[in-house]
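Computation of the quantities below employed the complete heavy-atom set of this structure, encompassing side-chain atoms and omitting hydrogens, waters and symmetry-equivalent molecules. This is a predicted model, so every value here is computed, not measured.
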Amino acid sequence: MSAEESERSRLPFEPNKKRQKPAKAQSTPAAQPQESVKKADKKVVYTKQEMAIPQVVSQRMIRRVAGFSGVPTALGISALVASYLLAAYSDIRLPPIAVLLVNMGLFGLGVLGITYGVLSASWDEEKVGSFLGLGEFNTNLGRMVAAWRETRQKNL
């Protein structure tokens, strides 16, 4: 295992093989040995099964996204309906800016719930994870940041 891999823990469903970068087109003399050309042409090809998120992990992510995103979104819709009913059938008049800010906040929480739902799910097939997923969120966020840094360093 290389030093880069030891810095971040591998995803449970991440392929074991490292993908090689395609060789850059360079202007080289025509007298290049055939062996080096053959090595540059070989690519590691992954199957869809190797690249896909396992079904168990995918279902776990969907359930969490539905909960963490669906609840605030449903509350936002309910707040709209409740403010309309209060205005139409009672003498209570809510300031429109208050209704707007409450709905923007709830719909914003719904959008953030999508990200939190995916990152708080356990990405290990055998491990279910906790109810709120705080530990899994920290682990998965750390993996994601490490992968971004690794990619950024390779591109520099």
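Considering only residues two or more places apart in sequence or on other chains, S90 meets the side chain to side chain contact (heavy atoms under 4.5 Å, CB included) condition with L86, I92. Partners of S78 according to the side chain to side chain donor-acceptor pair (under 3.5 Å) rule, which considers only residues two or more places apart in sequence or in another chain, do not exist here. For R60, there are no side chain to side chain donor-acceptor pair (under 3.5 Å) partners, not counting sequence neighbours.
One N or O on the side chain of S83 and one on the backbone of L80 form a donor-acceptor pair closer than 3.5 Å. No side-chain donor-acceptor contact under 3.5 Å links E125 to the backbone of V56. When atom types are taken as modelled, the side chain of S58 and the backbone of I53 share no donor-acceptor pair closer than 3.5 angstrom.
Taking all atoms of both residues into account, the shortest heavy-atom contact from G110 to S69 is O-OG, 2.9 Å. Across every non-hydrogen atom of L106 and P72, the tightest pair is O-CB, 3.4 Å.
At a threshold of 4.5 Å between side-chain heavy atoms, the hydrophobic network of Ile, Leu, Val, Met, Phe, Trp and Tyr places L132 and V128 in two separate groups. Cluster membership for V65 and L119, using ILVMFWY side-chain heavy atoms within less than 4.5 angstrom, is shared. No continuous path of ILVMFWY side-chain contacts below 4.5 Å connects V99 to L75, so the two sit in separate hydrophobic clusters. Residues L134 and W123 share a single hydrophobic cluster, defined by chaining ILVMFWY side chains whose heavy atoms lie under 4.5 Å apart. By the rule that hydrophobic residues join a cluster once side-chain heavy atoms approach within less than 4.5 Å of another member, L141 and V118 end up as members of one cluster.
Counting only residues at least two apart or on different chains, no ring pair (Phe, Tyr, Trp, His ring centres under 6.0 Å) pair has a member in residues 74-114. Within the structure, side-chain hydrogen bond (donor to acceptor under 3.5 Å, both in side chains) contacts touching residues 102-121 (residues at least two apart or in different chains) are R64-S120.
Applying the 4.5 Å side-chain rule to ILVMFWY residues, one finds I97, L100, M104 in the same cluster as L101.
Atoms CG and CE, from N140 and M61 in turn, are 7.0 Å apart once rounded to the nearest 0.5 Å. The distance from atom CD of E150 to atom CZ of R143, rounded to the nearest 0.5 Å, is 13.5 Å.
Side-chain contact annotation: N155 with R152, donor-acceptor N/O pair under 3.5 Å absent.
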